[in-house]
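Source: prediction; values computed, not measured. Reminder, nothing fancy here: chain letters follow the sequence lines and each chain counts from 1.
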Number of protein chains: 2
Amino acid sequence: MAGRRANQVRIYDVAKVAGVSIATASKALNDTGRMADATRERVKQAAADLGFRPNAMARALISQRSFTIGLLTNDTYGRFTLPVMAGVSEALVDEGVSVFLCTIEDDPALGKVHVDAMLSKQVDGIIASGKRIDRRLPVDLSNLPVPVLYAFTDGPEEAVTLVSDDAQGSREAVEWLVGLGRRRIVHVTGPDTFASVQERAGAFRSVVGTAGRVLFGSWSEAWGHEAVGQLWNEGGDAPDAIFCGNDQIARGVVDALRERGIVVPGEVSVVGFDNWELMAAATRPPLTTVDMNLKELGREAGRLILALAEGAPVEPGIRKLPCQLVIRQSCGGGLRG
Amino acid sequence: MAGRRANQVRIYDVAKVAGVSIATASKALNDTGRMADATRERVKQAAADLGFRPNAMARALISQRSFTIGLLTNDTYGRFTLPVMAGVSEALVDEGVSVFLCTIEDDPALGKVHVDAMLSKQVDGIIASGKRIDRRLPVDLSNLPVPVLYAFTDGPEEAVTLVSDDAQGSREAVEWLVGLGRRRIVHVTGPDTFASVQERAGAFRSVVGTAGRVLFGSWSEAWGHEAVGQLWNEGGDAPDAIFCGNDQIARGVVDALRERGIVVPGEVSVVGFDNWELMAAATRPPLTTVDMNLKELGREAGRLILALAEGAPVEPGIRKLPCQLVIRQSCGGGLRG
DNA sequence: CCAGCTTGGTAAAACGGTTTCTCAGATGCG
DNA sequence: CGCATCTGAGAAACCGTTTTACCAAGCTGG
C-alpha cells in the first residue's frame, strides 16, 4: 500500500537538487514570492530536468479548486453530446481543466451515483447536457455545493441555461427558400410534443404566414418518405420546397422524391436540420441544413462554468446561441451571399 | 482564497457530532479498526445525517489511488469511442472510478497536454482508444508512471491490447449467407490499406474459397452504390449475396439494388458490418449486420485497467473479443437457430 | 555606528483524510 | 489481590503542495 509511485518526482526532490527549501521551490515554480533570479532559474531547471509534475490532488486540497468539471448526459448515442463535449473540452484544456464524462441513461439511481462521485472528487462545476431541450435529466442538481450549468437540456429558472436558437435557424432556412423563389413551402417535422418542434414550426409560420402547412410525425427517414407520399398523392399544387425537422427526415424526403422521379433541387428544394455530417453529406444531393453550432455552445458552456467556478457573477436565464445555415446542394442557390 | 466550500462537511464535523475523535470516525466509516458496535453506528448515523461525503482528493493523497482513469481518443465523431466509453464507465462506476474523456484530434501537442493533465491529476491508468485498430494515437504513452491499455487502437507489443475479432465476425456472416444457400457471394469493402479490411477479406476468402471476389473502395454509401453498378453491368451471373465492409456501404448497396428493381433479400442477400443502429435500422429492409460488441470491449477494458492499476498481473498481448451477427431482414432467414 | 529597510530565503502550519502507535481502563486468571 | 491481556478510543504522523510568518544578512541614511 501507499509507497510512492515508481518515478514520481515530488517538489521535495526538486528542492533537494536545486539546493533550496521546498517553500522556495514552490515559489520559484509558481512565479510568486521574492528571490534571486538565479535561484528561480536553478529551481526551474531542476524541475525540468527531473520531469517534475505537481500533484494536482495536493494542490486541490489547499486551493479548493480541482480544475476538474463534470459533464452529465443522458444522450447515450452521443450525437448531440459529443460536439458539446468537444467544445467544452476545447474551451477548458488551456486552463488546465479536465472533464469527467458521465453517461446516465435515464436512470435516476445511476445519476445519483455519478453526481456523488463527482462531488466526492471535488469537481469545480457540473454541466448537464441532454438530447432534448425540453426534458430534464433524471437527477436532482439543486442545492449542490458547486455551480451547475444546463447545456442543451432543460434547467430550473434560476440557473444558467444554454440552448441553440432554433427559431432563428429555422427562419434563416425558410427565408433562404423564399429567397430562392419558392412559394409552396411545407414543413415536415417530428412529434409535436417536442418543444423544438413547436419552436421550429412557429418560426416557419412566422415567415410563410400562419397558414403555412406543417406535418408532424416521427424523427425517422421513414416518416420523411411517408410524408412525401401524402403530399404528392393528394392532388393539387405540389410543394416546391420542404423544410424538414431534421436531417433524417430530409433524407427520407429526398429519397422518396428521387424514387418518384422528382428532381432535387430542380423541382423541389429540401432543407434539413442538425447538419449531421454523415447523414447530410451522404444524401444525394448533399443536404443544405441548419447547424446548431453545438461545439460553439459547448465552448460557451465551458467558459461560463469556469466563470461560475471562479465566483464571477453570471446572469441566470436562458441564452440562445445562433444557428447557421449550411449550404450544400439540396436547394440550389449555390454559395450564399 | 481557500475557505471551505459552503456546505462542505468534513470528517471533523462528523466526529464532533458523534462525540468521538476523527481517528475513530474514520475507522467507523471505513469498517476498520476495533470499536464498540454502538460507537460505529453512532458515527455512521452522524455521517448520514450531515450528508458527509469524504474528500476524494485527501483520500487519494494518502492511498496513492485517485479512483480516476483517463480515456484518450482521436475518434472525434465518436461512433466507435462512445460505445467503448459507455462500457468502460459501466464497468468502473461500481468501483467508484470516474473517467476523464480526452479527445485529441490527431494533434500530438494536444495529446501531450491532455496526457500531462491526466498524470498531474494522478489517474490510476489510461485507456487509449481510436477509430482504427491499425493506427496509433499521435502521442507517446510509453514509460508512463501508470498502466496503459489499448482498446480498438494499435499499441506496442508489450502492452495489453483489446480489439474485436473481425475475422470471426466475418466468418459468421459469410457462413450465415452460405447456410441460406447463397453461392455467388461478393465482398464489397473499404480501402485495402486498412488492417480490418484485410482481416475481413481474409476471413471471407477462408469461407468461400480463395477465388472469392473482393471489391475494395471507400467506406461510403456512394461506393456501395457504385459497386452494384460494376457488378450488375458486367454481365455474367450476378451475385446472390453481398457481404459489405460496413453498414454505410451496405446501405448504398441496398439502395442501388432497389433502384434496379432487385429484391432484397428475395434475390440478393446483403450483410453489413458495425451494427450502426441508426444506419442499419433505417435501411429498407433493415440490415443484418455484424456487431463488434464495442460496449463489451469497453467493459473488458475497464475491468483490465482496474486490475492493472491494482497491480494484478495481466498477460500482455492482443486479445480479440468476439463479434456477433445481428439478424434483421436484409438476408432473409428469419431468426437464427 | 546604529535604527530601519530590503532582500533572499526557511520553518511550519495548513488542506482533509488514513493509519500507526500508544494508553487508560476493564477483564481474566492464578 | 496482583498481574497479564484485551478492548475501545485518541494523539500524532503522514500524503504533496501552498502560504504565512519569520529571520538573518546586507544596505541605507542620518
Side-chain angles (χ1 to χ4, degrees), chain A residues 1-43 46-47 50-67 96 119-122 124 145, chain B residues 1-16 18-44 46-47 50-67 96 119-122 124 145:
Chain A
M1 194 96 333
R4 219 158 59 258
R5 233 172 229 167
N7 44 353
Q8 188 73 308
V9 181
R10 284 124 65 243
I11 197 170
Y12 171 85
D13 304 308
V14 175
K16 203 166 61 179
V17 168
V20 296
S21 70
I22 58 172
T24 303
S26 174
K27 285 187 291 194
L29 295 172
N30 293 296
D31 284 322
T32 58
R34 278 177 333 203
M35 75 192 63
D37 285 352
T39 310
R40 201 180 287 278
E41 267 320 303
R42 191 154 35 91
V43 172
L50 275 73
F52 171 65
R53 202 180 281 117
N55 184 321
M57 302 266 155
R59 191 177 270 191
L61 204 51
I62 297 184
S63 67
Q64 305 285 345
R65 289 268 275 119
S66 66
F67 291 89
L119 292 177
S120 234
K121 291 185 174 122
Q122 312 295 113
D124 296 333
Chain B
M1 197 95 327
R4 220 157 56 258
R5 235 171 227 167
N7 44 354
Q8 188 72 306
V9 182
R10 283 124 64 244
I11 198 170
Y12 171 84
D13 303 308
V14 175
K16 202 166 61 177
V20 297
S21 71
I22 57 173
T24 303
S26 173
K27 285 184 289 196
L29 295 173
N30 292 297
D31 284 323
T32 58
R34 278 179 334 206
M35 74 191 64
D37 285 350
T39 310
R40 203 179 285 280
E41 266 321 305
R42 192 153 35 89
V43 173
K44 285 188 174 179
L50 275 71
F52 171 66
R53 203 181 280 118
N55 184 322
M57 302 264 154
R59 191 178 266 189
L61 206 51
I62 297 183
S63 67
Q64 305 284 347
R65 290 266 278 119
S66 66
F67 290 90
L119 292 177
S120 237
K121 291 183 175 124
Q122 313 294 114
D124 297 332

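Counting non-hydrogen atoms of neighbouring residues, nucleotides and ligands closer than 6.0 angstrom, the NZ atom of B:Lys16 reaches no more than 12 such neighbours.
Atom pair B:Lys121:NZ and D:dC15:P shows a separation of 24 Å (rounding to whole Å applied). Taking atom CD on B:Gln122 and atom C1' on D:dC15, their separation rounds to 11 Å, with Å as the unit. Rounded to whole Å, atom C1' of C:dT18 lies 14 Å from atom CG of B:Asp31. Atoms CE (B:Met35) and P (C:dT19) sit 13 Å apart, rounded to a whole Å. In this entry the distance linking NZ of B:Lys16 with P of C:dG16 reads 13 Å, nearest Å. In this structure, B:Gln8 atom CD and C:dC15 atom P are separated by 13 Å, rounded to whole Å. Rounded to whole Å, the distance from CZ on A:Arg34 to C1' on C:dG9 is 9 Å. Atom C1' of nucleotide C:dG16 and atom OH of B:Tyr12 are separated by 13 Å, given to the nearest angstrom.
Residues A:Ile22 and A:Arg42 both approach DNA chain C. Their nearest nucleotides, taken by heavy-atom distance, put A:Arg42 toward the 5′ side. Annotation: of the two residues near DNA chain D, B:Arg40 and B:Ala58, the 5′-most nearest-nucleotide partner is B:Arg40.
Contact check, B:Arg59 against C:dT18: a side-chain N or O comes under 4.0 Å of OP1 or OP2. In this structure, B:Thr24 does not reach the D:dA9 phosphate: none of its side-chain N or O atoms is under 4.0 Å from OP1 or OP2. The phosphate of C:dC15 has neither OP1 nor OP2 within less than 4.0 Å of any side-chain N or O from B:Asn55. For D:dG16, the OP1/OP2 oxygens have a side-chain nitrogen or oxygen of B:Gln64 closer than 4.0 Å.
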Between A:Asp37 and A:Arg40, is the salt bridge (charged side-chain N to carboxylate O under 4.0 Å, His left out) condition met? List the steps.
CA-CA 5 Å; A:Asp37 285 352; A:Arg40 201 180 287 278; 5.1 Å; no
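As judged by a 4.0 angstrom heavy-atom cut-off over every strand, A:Ala36 is placed among residues touching the sugar-phosphate backbone only. At the heavy-atom level, B:Thr39 lies under 4.0 Å from the strands shown only through sugar-phosphate atoms.
Taking every side-chain heavy atom of B:Val20 into account, D:dG10 is the closest of C:dA11, D:dG10, C:dG9. Listed nucleotides D:dG16, C:dG8, C:dG17 differ in distance to A:Leu61; the shortest reach to its side chain belongs to D:dG16. For B:Ser21, taking side-chain heavy atoms from C-beta onward, the closest of the listed nucleotides D:dG10, D:dT18, C:dG8 is D:dG10.
Side chain of A:Lys121 to backbone of A:Ser66: no donor-acceptor contact under 3.5 angstrom is found.
Between B:Thr24 and B:Met35, the shortest heavy-atom contact is O-CE, 3.7 Å. Across all their heavy atoms, B:Phe52 and B:Ile11 have their closest contact at CE1-N, 3.3 Å. Across all non-hydrogen atoms, the minimal contact from B:Ser120 to A:Pro54 is OG-O, 3.1 Å.
The base of D:dT17 does not come close enough to the side chain of A:Lys27 for any donor and acceptor atom to sit less than 3.5 Å apart. No N or O donor and acceptor, one from the side chain of A:Arg10 and one from the base of D:dG16, sit under 3.5 Å apart.
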